[in-house]
Amino acid sequence: MGKNGIIKKAMEVGEIGFSKDGGAINWFPGHMAAATRAIRSRLKLSDLVIEVRDARIPFSSANQDLQPQLSAKRRVIALNKKDLANSNVLNKWVRYFDSCKQDCIPISAHSRSSVRKLLNLVEFKLKEVISREPTLLVMVVGVPNVGKSALINSIHQIASTRFPLQEKMKRATVGPLPGVTQDIAGYKIAHQPSIYVLDTPGVLVPNIPNIEIGLKLALAGSVKDSVVGEDRIVQYLLTVLNTRGTPLHWKHLANPTEKTTQISEDKPGYNPKDLRPKMKKLPNASDLLYVKDLVAEVRHALYVTLSEFGGNIEDENDMECLVEHQFEVLQKVLRIPHKSSEARLMVSKKFLTLFRSGKLGSFVLDDVPES
């Protein structure tokens with residue numbers, strides 16, 4: 001049973017919307033369903049579709065409900081957040097898409113050079129229709145929180161210096177929570193021929209097809225944490241890391257130094273917000289060192305717990321015991337008081353912050369299909 005057994009076990013506790021055949025839970029608010037209907041109608045009018053997916057979950061972040069229509073269009077799959085994905089595995093995914101005759105390019109939506117490469121590919125794909133159509137429509141679609149709005153904003157910045165625009169462009173609304181862009185908006189990015197890019201709200205199929213895809217989407221932030229529960233998301237993440245033997249690759253990390261301990265004593269109230277980039281103020285050098293040392297301590301703790309584990313990784317009960325032990329160790333490393341009623345939730349939130357910010361390393365959670 002191994003990982004699959006643990007996944008089922010993790011979801012058995014409490015009333016959560018996951019089930020073997022997909023939950024009956026209403027994953028997203030009503031505007032998502034309305035947006036899906038609008039997207040279906042506009043897809044018929046679009047000349048090209050940019051489907052944004054999370055590079056860490058190239059398959060799981062696909063909107064399966066729209067795939068038949070998307071695959072029938074000129075399409076470029078943009079694997080965003082490439083800086084958070086393992087480059088070797090990501091390259092294998094690109095080769096897989098190539099073998100399927102599907103254009104695919106890894107990007108970082110906040111990098112202009114990366115987005116320029118995407119635009120060059122889009123223009124190349126549109127060359128065959130430019131000669132006969134005065135106006136071209138490009139749609140950007142994808143599940144929530146994969147970076148569609150950030151991509152739109154980067155396209156605007158590039159277009160403002162690259163094309164002779166006749167009107168001021170409006171920026172897309174960017175937010176940290178899934179589904180923040182509330183309605184479909186169009187942006188003119190080029191003239192002669194006129195090329196419009198439409199930004200759309202992320203739309204995810206209402207029923208997740210299986211438990212593991214739902215957990216991967218939650219781990220990547222495409223499903224709100226409150227829907228699944230941070231505790232269960234971290235159970236899944238630790239199970240995946242243990243099953244893959246990832247902590248064993250952190251053997252080279254030395255035991256936390258006295259310097260680390262001193263910094264930790266100076267900052268006992270560690271907050272996940274310490275990991276977020278400061279927009280108006282440069283981060284303090286000691287803060288950066290603290291976070292770096294904290295990550296080293298977390299990695300070392302997971303290495304020790306897995307390397308000293310005497311049970312069978314393939315046995316779900318043994319794995320459950322290991323994960324519980326790792327929660328206890330992480331609570332100590334993250335300096336969370338044992339008496340805190342929300343200690344487990346605090347551990348989960350902080351560990352998720354480390355993972356999602358890339359501090360623990362780069363990962364691709366989806367296995368590459370055999371060609």
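Numbers for residues simply follow the sequence, beginning at 1.
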Indicate every side-chain donor-acceptor pair of residues 304-311 with a distance under 3.5 Å to a residue at least two apart or in another chain.
from	atom 1	to	atom 2	distance (Å)
Thr305	OG1	Ala301	O	3.1
Thr305	OG1	Leu302	O	2.9
Thr305	OG1	Gln326	NE2	3.2
Ser307	OG	Tyr303	O	2.9
Ser307	OG	Val304	O	3.2

Would you compute the distance between atom [atom1] of [X] and atom [atom2] of [Y] and round it to the nearest 0.5 angstrom?
X: Leu79; Y: Ile57; atom1: CG; atom2: CD1; result: 11.0 Å
X: Leu119; Y: Ile155; atom1: CG; atom2: CD1; result: 5.0 Å
X: Asn242; Y: Leu322; atom1: CG; atom2: CG; result: 4.5 Å
X: Ile105; Y: Lys117; atom1: CD1; atom2: NZ; result: 7.0 Å
X: Glu328; Y: Glu324; atom1: CD; atom2: CD; result: 7.0 Å
X: Arg56; Y: Asn86; atom1: CZ; atom2: CG; result: 13.0 Å

Honestly curious: do [X] and [Y] fall in one hydrophobic cluster under the side-chain, below-4.5 Å linking rule?
X: Phe124; Y: Phe97; value: no
X: Val52; Y: Leu84; value: no
X: Leu352; Y: Leu345; value: no
X: Phe327; Y: Val295; value: yes

Using modelled atom types only, decide if a donor and an acceptor are shared between the side chain of [X] and the backbone of [Y] within a distance under 3.5 Å.
X: Arg356; Y: Leu219; answer: yes
X: Ser46; Y: Leu137; answer: no
X: Asn63; Y: Gly142; answer: no
X: Arg299; Y: Leu360; answer: yes
X: Arg335; Y: Val333; answer: yes
X: Ser111; Y: Ser114; answer: yes
X: Lys148; Y: Val143; answer: yes
X: Ser60; Y: Ile213; answer: no
X: Gln331; Y: Pro337; answer: yes

Nearest heavy-atom pair of [X] and [Y]: which atoms, and what distance?
X: Ser348; Y: Asp231; answer: OG-CA, 3.4 Å
X: Asp54; Y: Val146; answer: N-CG1, 3.8 Å
X: Leu241; Y: Pro247; answer: O-CD, 3.3 Å
X: Val115; Y: Ser154; answer: CG2-CB, 3.8 Å
X: Lys216; Y: Leu365; answer: NZ-O, 3.4 Å
X: Asn145; Y: Ala220; answer: ND2-O, 4.2 Å

Count the heavy atoms of every other residue, nucleotide or ligand shown that sit under 6.0 Å from NZ of Lys92, and state whether that count exceeds 12. no

Is there a side chain to side chain contact (heavy atoms under 4.5 Å, CB included) between Ile313 and Met319 once you walk through the steps? CA-CA 6 Å; Ile313 290 291; Met319 176 67 83; 3.6 Å; yes

For side chain to side chain contact (heavy atoms under 4.5 Å, CB included), just list the numbers for Val347 and Val234, CA-CA rounded to whole Å, side-chain angles, deciding distance to a tenth of an Å, and then say yes or no. CA-CA 9 Å; Val347 170; Val234 171; 5.8 Å; no

Indicate yes or no: at least one non-hydrogen side-chain atom of [X] is less than 4.5 angstrom from one of [Y].
X: Gln67; Y: Glu51; answer: yes
X: Trp93; Y: Cys104; answer: no
X: Ile50; Y: Val197; answer: no
X: Leu48; Y: Leu136; answer: no
X: Arg40; Y: Leu66; answer: yes

Can you sort out the partners of Lys82 under side chain to side chain donor-acceptor pair (under 3.5 Å), two or more places apart, ordered by chain and number?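 Lys82 satisfies side chain to side chain donor-acceptor pair (under 3.5 Å) with no residue once adjacent residues are dropped.
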
Test side-chain hydrogen bond (donor to acceptor under 3.5 Å, both in side chains) applied to Gln102 and Tyr96, step by step: CA-CA 9 Å; Gln102 170 59 59; Tyr96 166 74; over 6 Å; no

Stepwise, does the side-chain hydrogen bond (donor to acceptor under 3.5 Å, both in side chains) test hold for Asn153 with Gln157? CA-CA 6 Å; Asn153 287 336; Gln157 293 169 12; over 6 Å; no

The single option from Val89, Ile77, Asp366, Val368 passing side-chain contact (heavy atoms from CB on, under 4.5 Å) against Pro58: Asp366

Set out, in order, the CA-CA distance, both residues' side-chain angles and the distance that settles side chain to side chain contact (heavy atoms under 4.5 Å, CB included) for Leu215 and Leu237, then state yes or no. CA-CA 9 Å; Leu215 285 166; Leu237 174 56; over 6 Å; no

Could you tell me whether Glu297 and Lys332 make a salt bridge, using a distance below 4.0 angstrom between a side-chain N and a carboxylate O? no

Begin with the C-alpha distance, continue with both residues' side-chain angles, and end with the deciding distance and a verdict on side chain to side chain contact (heavy atoms under 4.5 Å, CB included) for Phe351 and Glu230. CA-CA 10 Å; Phe351 191 65; Glu230 291 90 341; over 6 Å; no

Yes or no on ring-ring contact (aromatic ring centres under 6.0 Å, His included) for Phe355 and Phe363, after CA distance, side-chain angles and deciding distance? CA-CA 9 Å; Phe355 173 81; Phe363 299 89; 5.6 Å; yes

